[in-house]
Protein chains: 4
Amino acid sequence: MAPIDRRKQILKAAAKSFALFGYKATTMDQVAKIANVGKGTIYTFFTNKEELFDEILHEVIIEMKNVAERELDHEQTFFNNLFRILDSLLEFREQHDLLIKLSQEVREFGTLQAKTGNAKVEGVITGYLEKELRLAQEKGEIKPCDPKVASFIMFKIYIALTSDWSHGNDPLSKEEIKQYIELFLVHGLVPDLPV
Amino acid sequence: MAPIDRRKQILKAAAKSFALFGYKATTMDQVAKIANVGKGTIYTFFTNKEELFDEILHEVIIEMKNVAERELDHEQTFFNNLFRILDSLLEFREQHDLLIKLSQEVREFGTLQAKTGNAKVEGVITGYLEKELRLAQEKGEIKPCDPKVASFIMFKIYIALTSDWSHGNDPLSKEEIKQYIELFLVHGLVPDLPV
Amino acid sequence: MAPIDRRKQILKAAAKSFALFGYKATTMDQVAKIANVGKGTIYTFFTNKEELFDEILHEVIIEMKNVAERELDHEQTFFNNLFRILDSLLEFREQHDLLIKLSQEVREFGTLQAKTGNAKVEGVITGYLEKELRLAQEKGEIKPCDPKVASFIMFKIYIALTSDWSHGNDPLSKEEIKQYIELFLVHGLVPDLPV
Amino acid sequence: MAPIDRRKQILKAAAKSFALFGYKATTMDQVAKIANVGKGTIYTFFTNKEELFDEILHEVIIEMKNVAERELDHEQTFFNNLFRILDSLLEFREQHDLLIKLSQEVREFGTLQAKTGNAKVEGVITGYLEKELRLAQEKGEIKPCDPKVASFIMFKIYIALTSDWSHGNDPLSKEEIKQYIELFLVHGLVPDLPV
DNA sequence: AATGAATGAGTGTTCATTCAT
DNA sequence: TATGAATGAACACTCATTCAT
């Protein structure tokens, strides 16, 4: 088996376990077993548990950023862009949705926090979103609100629909996710014409 | 000191520590020290760490339910009730908001998950919300949507604003929280009349 | 069992194992087993393996220094003092002879070396000896030689007789040790009158 | 590269590392890197780490014995022989002095000890010395003493001067070493005529 | 024959839980 | 009853050894 395969095997197994059980509750033995690899092998590719975790986080960030940048077109409206990017992200959800959820757990490590603080999935995504929200606001495409808070909530809603929900429920389809995002973000729950 | 006092002391200390550091990162030594109690004493009241955790979860649920039931008035509209209940919950937020966060961590335990599944804060709250959403829908107060998903999202938005946000940002005021809930849940981001 | 007993038990066991097998080859499991104590118990008294080692070293140094200082009398000749101090040291040899040997192994730890450098048994003892040798030389009691080298050798001879020798041979009696020290240090192997 | 070269390369590298860091602290990776050889290659020449160590010990012994036998001349006095042999040994000190030091570390291995007991550098050298001392004693060249103990001490003094001292001090020159051996072994520290 | 990626037994350390006082 | 000293199972990580290439 090519070394790259083994590295990927481990990353995949670790991602699965981290997403399922969290950082602390994931043991290296477990990762090794899931990856069908000797425990020592993990350490030939990653210095330690923390680095393994970081690597996974980093990969997700890179990939999501690429997707977003590929789709983003400033000629179009904010919501247009939002839904197209969403569409692309949801395309390879299978590899990533659980991982995204990890972003919520980074705070678990006292020490790690500082070091990787700005590399957090959450930070990167909301930062990105915030910038776009600000532009949209200037163009009058959305109501006035703090873009920082708004981007934070949008991110949380996305996570809730793509990841959180599927713990304990059947995963939502791509279309359903988009519908609910539209419902909550765009128009709200109140009927348009409560005559 | 009466035994009930000791029990409460421990519960309070554990709640604080669980909320601050999470389940795994909370040690019984820590809880004992915060509670100003011998470590062994904890075990005279609780069988083990897991039960201590469950108890705390349970207490929060009960209290929240009481608050909700006290405020709920089916003569009024859904949103009216929602905001009044929210108001009351936020009132004693200091004791509970961090705990709510715990609901997110329950999944941390592979084994625990199954056993305490139905005792989850999350499940109770969303179940409650779901029931009310269904009624509101029947009355035409809100747009048609799956009440289960909707209640889930609403809960997540609530957690995001009251708890998640304050990791890394200044906590939002009660008023701000209500504003954002209104913005996202009730009316959406799109300006009302983009003629 | 009084806590002091346990602490002493552990120190004794660790001393034995360190002296017998060296630092690296001594496992905490081994120490625990020899001390007839749970492994965790060691960590209630000592932060880690290194500190356990340091403590042992420190204790020996303190005790030896006390013995030496009690016996030292600058009114008397160097050799007189030397033999009286030797006498006292050999008195409680049973607790310490093996430990003394540890001084040779301190170099094993890359990191430790720097931290405890000046606390080394060897350094303390030879430093002490050196000072006395210098005085003796000024008084003409011994031949001219570098006191630093001389003290080093004297220490090594002492270790050889009290400790090294007993690995693989019956230990030498107190009297024998003194005889050999006199033979090598004081008069040399050459017969006095090789007529 | 001829296999014999590779073997020598490995032995040399291992000798260096054992001498520098000791048995336990020497890793096979380290040896392989120093020898500029694949790690697996080591195992084509030596069954395991222990055997590699033994081989090195053995080699030193053979070489020292050869040197000694070449110089030894029973027509001459004990001390004459001693100093000439010493001279020769010190000649190729660069390759071996650190190795000699290893003799002290053999005890490090609980299990190994028994198996290689009779192959110990120490044992061979002191055995040799003992024989010569016995002869010298019979000729009246040295004072009466147990040749076994005396040879042991002589060996320790030699190690101390050639090897131990240089940890933490500038190495002594060949001349200095001989001077100190003469001082301690031959005549002692007491001035000849303390009138 | 030579290699180094892969392995898992073994190490130091932590912490929930027990139990003698 | 309340305690905290004692415990050992469990964890992250290391390294001698193996084996497919």
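So you know, we letter chains A, B, ... as the sequences are listed, proteins then strands, and number each from 1.
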Just how far, in rounded Å, is [atom2] of [N] from [atom1] of [X]?
{"X": "C/Phe46", "N": "F/dA5", "atom1": "CZ", "atom2": "C1'", "answer": "15 Å"}
{"X": "B/Asp29", "N": "E/dT17", "atom1": "CG", "atom2": "P", "answer": "12 Å"}
{"X": "D/Leu52", "N": "F/dC15", "atom1": "CG", "atom2": "P", "answer": "17 Å"}
{"X": "B/Asn48", "N": "E/dT18", "atom1": "CG", "atom2": "P", "answer": "8 Å"}
{"X": "B/Phe45", "N": "F/dT1", "atom1": "CZ", "atom2": "P", "answer": "9 Å"}
{"X": "A/Glu51", "N": "F/dC13", "atom1": "CD", "atom2": "P", "answer": "10 Å"}
{"X": "A/Tyr23", "N": "F/dC11", "atom1": "OH", "atom2": "P", "answer": "14 Å"}
{"X": "C/Lys33", "N": "F/dG8", "atom1": "NZ", "atom2": "P", "answer": "11 Å"}

Candidate nucleotides [options], ranked by approach to the side chain of [X] - the nearest:
{"X": "D/Thr27", "options": "F/dC15, E/dA16, E/dG12", "result": "F/dC15"}
{"X": "A/Thr44", "options": "F/dT17, E/dT7, E/dT17", "result": "E/dT7"}
{"X": "A/Met28", "options": "F/dC13, E/dA6, E/dT17", "result": "F/dC13"}
{"X": "C/Lys49", "options": "E/dT13, F/dA16, E/dA6", "result": "E/dT13"}
{"X": "B/Val37", "options": "F/dA12, E/dT13, F/dT3", "result": "F/dT3"}

With a 3.5 angstrom cut-off on both distances, give the Watson-Crick or G-U wobble partner of [N], or none if there isn't one.
{"N": "F/dG4", "answer": "E/dC19"}
{"N": "E/dA1", "answer": "none"}
{"N": "F/dA12", "answer": "E/dT11"}

Tell me which of C/Gly40 and A/Tyr43 sits closer to the 5' end of DNA chain F, going by the nucleotide each one is nearest to.
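Between the two, 5'-proximity favours C/Gly40.
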Between C/Asn36 and B/Ile42, who's closer to the 5' end of DNA chain F by nearest nucleotide?
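With C/Asn36 and B/Ile42 compared, the 5'-side residue is B/Ile42.
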Give the ring-plane orientation class for D/Tyr23 versus D/Phe18, where under 30° counts as parallel, over 60° as perpendicular and anything between as tilted.
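D/Tyr23 vs D/Phe18 ring planes: parallel.
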Below 4.0 Å: OP1/OP2 of [N] and any side-chain N or O of [X]:
{"X": "D/Arg7", "N": "E/dA1", "answer": "no"}
{"X": "C/Arg6", "N": "F/dA5", "answer": "no"}
{"X": "C/Thr41", "N": "F/dT7", "answer": "yes"}

Can you tell me if A/Glu51 uses its side chain to pair, donor with acceptor, with the backbone of A/Phe46 under 3.5 Å?
no
N/O donor-acceptor pair under 3.5 Å between B/Ser17 side chain and B/Ala14 backbone:
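Checking the backbone N and O of B/Ala14 against the side chain of B/Ser17, no donor-acceptor pair under 3.5 Å is found.
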Can you check whether B/Val31 reaches B/Ile34 side chain to side chain, under 4.5 Å on heavy atoms?
no
Would A/Arg6 and A/Gln9 count as a side-chain contact (heavy atoms from CB on, under 4.5 Å) if you check the C-alpha gap in whole Å, the side-chain angles of each, and the deciding distance to 0.1 Å?
CA-CA 5 Å; A/Arg6 275 187 139 63; A/Gln9 250 174 302; 3.7 Å; yes
Just checking D/Thr47: base, sugar-phosphate only, or nothing, at a heavy-atom cut-off of under 4.0 Å?
nothing
For A/Gly38, report the nucleic acid contact type (base, sugar-phosphate, nothing); a contact means any heavy atom under 4.0 Å.
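Sugar-phosphate, backbone atoms only, no base.
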Could you go through the side-chain contact (heavy atoms from CB on, under 4.5 Å) check for D/Lys33 and D/Asp29 one step at a time?
CA-CA 6 Å; D/Lys33 192 164 285 174; D/Asp29 267 307; over 6 Å; no
Taking N and O atoms by type only, does the side chain of D/Lys39 place a donor or acceptor under 3.5 Å from a partner on the base of F/dT17?
yes
